[in-house]
2 protein chains.
Amino acid sequence: MLSIGTLARRTGTKVQTIRYYEQIGLMPEPGRTEGGQRRYGNVELDRLSFIRHSRQLGFSLEAIRELLDLSDSPERSCAEVDAVAQRQLREVEARIARLEALRVELRRMLRDCDADRVADCRILEVLRDHEQCLSDHDRAGA
Amino acid sequence: MLSIGTLARRTGTKVQTIRYYEQIGLMPEPGRTEGGQRRYGNVELDRLSFIRHSRQLGFSLEAIRELLDLSDSPERSCAEVDAVAQRQLREVEARIARLEALRVELRRMLRDCDADRVADCRILEVLRDHEQCLSDHDRAGA
DNA sequence: ATAGGGTCTACAGCAACTGTAGGTTCAAGA
DNA sequence: TCTTGAACCTACAGTTGCTGTAGACCCTAT
């Protein structure tokens with residue numbers, strides 16, 4: 001029987017985070033001692049590990065909820081799990097693309113500025129005047 | 001004289017967002033009509049454009065506040081502006097690196113799973129068992 | 001028996017907005 | 001001039017995924 005602190009240490013989670021997961025129904029309500037403290041077993045340890053690892057891979061809590069539901073019905077088709085993971089991959093790739101556009105522009109901004117005084121600073125100028133901006137991520141929509 | 005709605009349309013901002021920026025002191029309190037509606041001029045239009053463009057480049061509101069303060073003192077050294085932009089670039093690059101690690105792992109997960117039933121799904125297995133995970137982003141600390 | 005660290009609930013706060021409710025104002029048309 | 005209805009007003013709650021705090025209580029080792 002594990003206390004919430006031990007569970008926290010074993011999974012690299014904060015105690016409050018575990019209580020939060022319980023609150024939103026992602027973790028089950030555990031048994032309690034006479035005094036009212038939570039006690040966990042290995043099932044809960046595994047479930048929390050699953051949640052944490054999925055979070056590390058960038059899955060939203062809603063997506064994790066979906067995956068946990070799916071893994072509770074082992075006879076169902078794996079296609080749905082696949083779809084959730086695919087969706088996550090696409091989201092990650094979209095974020096990478098966006099950040100790479102930002103990187104290009106930030107680098108260009110930094111490269112072009114060799115002023116001394118703020119008054120002549122190209123960086124501020126670029127930020128002020130959108131027309132100097134190469135990328136079109138904001139007009140492309142999405 | 002621009003109404004808040006016109007300003008919003010011109011800068012691609014939501015009306016509430018403009019009021020929010022005013023609330024946190026990023027936009028100044030504008031003049032008002034007799035009836036109490038906000039009216040803006042070109043100074044505010046430029047300031048809001050600056051804010052929005054900076055946000056599109058991923059700067060935090062705090063960083064933008066700093067940049068706006070700096071641009072108010074044109075005689076100061078440009079180095080501080082440079083430092084803010086450098087910091088932002090490093091943050092963007094760190095996020096890209098992290099996301100690329102996620103992409104690798106998600107792709108591997110998807111590639112390795114050709115099961116039919118949830119019970120045999122490699123994706124869930126990987127999520128369950130951290131040891132199957134190639135990357136070490138969570139042990140590397142930060 | 002007591003000391004201390006761990007745990008409890010309940011709530012506030014973070015970023016950066018977004019949405020809602022219920023009321024008021026403005027500008028254009030009849 | 002009056003009326004309509006879109007735009008505006010304030011104030012507050014909600015979003016995501018936690019994190020921190022206060023003040024009280026429990027558990028275990030000595």
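What you are looking at is a predicted structure, and each value in this text was computed from that prediction instead of being measured. Below, chains carry the letters A, B, ... as their sequence lines are ordered, and counting in each starts from 1.
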Scan R65(B) against the nucleic acid and name what it touches under 4.0 Å (heavy atoms): base, sugar-phosphate only, or nothing.
-> nothing
Strictly below 4.0 Å, heavy-atom distances to any atom of DNA chain C: list the hits from residues 3-32 of chain A, or just say none.
-> S3(A), I4(A), G5(A), R19(A), R32(A)
Taking 4.0 angstrom as the limit, do R107(B) and E93(A) come out as a salt bridge?
-> yes
Under the side chain to side chain contact (heavy atoms under 4.5 Å, CB included) rule, collect the residues that match up with A119(B), sequence neighbours excluded.
-> P74(A), R117(B)
Go through the structure and list residues passing side chain to side chain contact (heavy atoms under 4.5 Å, CB included) with R111(A), not counting sequence neighbours.
-> R108(A)
Along DNA chain D (nearest heavy atom to each residue), the more 5'-positioned of G36(B) and R52(A) | G36(B)
Verify the neighbour count for atom CG of D114(B): are there more than 12 heavy atoms of other residues, nucleotides or ligands below 6.0 Å?
-> no
Residue mapping more 5' on DNA chain C - nearest nucleotide basis, F59(B) or G35(B) | F59(B)
Verify the neighbour count for atom CD of E29(B): are there more than 12 heavy atoms of other residues, nucleotides or ligands below 6.0 Å?
-> no
Note: chain A reaches DNA chain D at heavy-atom distances under 4.0 Å over the stretch, first to last nt, 5' to 3', of dG17(D) to dC27(D)
For S73(A), which residues count as a side chain to side chain contact (heavy atoms under 4.5 Å, CB included) partner, sequence neighbours excluded?
-> R76(A)
Is it true that a side-chain atom of H53(A) and a backbone atom of L48(A) form a donor plus acceptor pair closer than 3.5 Å?
-> no
N42(B), CG: over 12 other non-hydrogen atoms inside 6.0 angstrom = no
Heavy atoms, side chains only, cut-off 4.5 Å: are D82(A) and Q86(A) in contact?
-> yes
Minimum side-chain heavy-atom gap R47(A)-Y40(A) below 4.5 Å | no
First and last nucleotide of DNA chain C in contact with chain A, 5' to 3', at under 4.0 Å to a heavy atom: what are they?
-> dG6(C) to dT9(C)
